[in-house]
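Proteins get letters first, then strands, A, B, ... in listed order; numbering begins at 1 in each. The analysis underlying the following values was restricted to heavy atoms, covering all of them including side chains, and did not include hydrogens, waters or symmetry mates.
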Amino acid sequence: MISFELSTEQKRVELKFRHLAKKKLHPLSLKIDAAEPGPIDPAYLEILADEDLNAFLVPKEYGGRPLDFLTLSLVIEELGYGCAGFASIYGATLHAVSALLIGGSHDQKAAYLPLLLGHRGRPAGCCITEAKGGSHTSSFSTNAHPDGENYIINGTKSPVINAGYAAFYVIWANTNSGRGTGDINAFIVPGDAPGISVGQYHDKLGLRCAPSATVSFHDVMVHKSDMIGFPGSGYPLLMQSLDWGRALFSAICVGVAKAAFDQTAAFAKKRSIRNKPIIKNQGIGFSLADYATDICAARLLVWRACRMMDRNVHYSREASMAKLFAARMAAGITSDGMLIMGQAAHTGPNLLAKFQRDAQVLRILEGTDQIQKMIISSQI
Amino acid sequence: MNAYEKIGKKLQEAREEAGLSQEELAKKIGCTQASLSNYELGKRRLYLADLQRIGLLLGKQVTYFLDESYTPDSFSLDEIQQIIKEQYLHEILLAAKQLKASQRKSVLDYIRWQQDQGANQ
């Protein structure tokens, strides 16, 4: 049975994090967005720890307070409402955790998941993309060479969100033994492992509040027990982890679109021309009606993908549909909002201008529109 | 052919080798025949847990589905070329090539029966 009604607990969660978004994230994000590229802002780390947000991702037996995926999407939507960069910091941790939850052993989970929790909890990082590989996720030049009981990792991953702050990284590497995708493996690497170095933080168009950098691995030694899953299992693990991420990053897009919509609608009600609020002009009012409808449709796509994840049925196509629609919608609404607000959105520190830049980057993160279409069309 | 199409093809081979129809295997793994067909065509992504479950049912290690260079007993091409030079093996291979997958499975069953007979003598 499909329900479009949130439970009392889900509504409570939504309200709590909407409050956090408006009261803390909105003001902080304007300041951080305008600053030079640098490490994660301490205020953001404090919020992550104070709210113990990572606990929502971790099973009870490892000290967490897990939420179902649908409720988690509500939290992420509200974090996205507040600041897509903050939500992406959280999303990067989610990505690393997803790999552990999908393919990790009990020992790996017990060793690494508690590092994310409580007041000392830190984010985690996911090392997938390489500068030359782009979206070709099965073509990794980062190499994991077997050496007795260990693997020696060499290579460079970029961009990596949470670089330099991760309690641990999950890295995908190639064992290059001629087995094609069967050579791709995932490893857990402690954030302070010898041989890891972090480059300059990237100066980005959007998601400036989620610092990213190049992470280099030079002769980084990991024990074979740090491989997630079994030899050769990295490819399906990566694909499932990406599906997981797409469904939940779509919620960030919905949050950004909703925040942009609220700001634009408030402006359209307040701004008058010839004693009439501009929302009364059909050119504006009808556009806002379209945006409200699109946001609702995107949210339902996210909910559907999350509901399928909760039911443990295949959600690959549905996750990509949610990502494609929500990211495109967020880019459209934030951009159109700039036209409606005109000069007010273009001058001075303004959240809408930040939303627009963030939305453009969200359209690339977790796979561009074209990647989502490839995934969807391959499953038709 | 993308990675999931390759995995799907191996799944189909393993299912046919086990002499199971799509309906029979689908029933065993708890999905519909249409879903299994989509897995075999690479139209639906097989997740890690699915591969492990299917591998167990079909007597295959998961690496069988993922390793693009996999041959059943991991012989090199040179070794295979040497093996088929042995008496009758070349003819058996050529004759088996003309058969449907289910017929090849019967031949394989007969060979295994012969092996069992040999072991019991």
- Item | Main-chain N/O of Arg44(B) paired with His314(A) side-chain donor or acceptor, under 3.5 Å |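 Side chain of His314(A) to backbone of Arg44(B): no pair is present.
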
- Message: Using only non-hydrogen atoms and a strict under-4.5 angstrom cutoff, which residues of residues 373-380 of chain A touch chain B?
- Response: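 Near chain B, by residue number: Ile375(A), Ser378(A), Gln379(A), Ile380(A).
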
- Message: How about NZ on Lys9(B), more than 12 heavy atoms from neighbouring residues, nucleotides or ligands closer than 6.0 Å, or not?
- Response: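 No, because the 6.0 Å sphere around NZ of Lys9(B) holds 12 heavy atoms or fewer from other groups.
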
- Item | More than 12 heavy atoms from other groups under 6.0 Å of CZ on Arg363(A) |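 Yes - once you tally the heavy atoms of other residues, nucleotides and ligands closer than 6.0 Å, there are more than 12.
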
Gap between atom [atom2] of [Y] and atom [atom1] of [X] - 0.5 Å precision:
X         : Y         : atom1 : atom2 : result
Ile7(B)   : Thr181(A) : CD1   : OG1   : 6.0 Å
Gln52(B)  : Phe230(A) : CD    : CZ    : 5.0 Å
Met239(A) : Leu48(B)  : CE    : CG    : 12.5 Å

- Is there a side-chain contact between Phe65(B) and Pro236(A), using heavy atoms and a 4.5 Å cut-off?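 The answer is no, as the side chains (C-beta and beyond) never meet within the 4.5 Å cut-off.
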
- Task: Measure distances from Leu41(B) to the heavy atoms of chain A and classify the residue's part below 4.5 Å as side chain, backbone, both or neither.
- Result: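 For Leu41(B), there is no contact with chain A at all, as no heavy atom is under 4.5 Å.
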
- Checking heavy atoms, do the side chain of Asp183(A), its backbone, both or neither come under 4.5 Å from chain B?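 Neither the backbone nor the side chain of Asp183(A) comes within 4.5 Å of chain B.
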
- Task: With side-chain contact (heavy atoms from CB on, under 4.5 Å) as the test, would you mind laying out the steps for Tyr47(B) and Leu237(A) before giving the verdict?
- Result: CA-CA 7 Å; Tyr47(B) 290 150; Leu237(A) 177 67; over 6 Å; no

- Those residues of residues 19-32 of chain B, ordered by number, that approach chain A below 4.5 Å (heavy atom to heavy atom):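 If one takes a 4.5 Å heavy-atom cut-off, no residue of residues 19-32 of chain B lies near chain A.
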
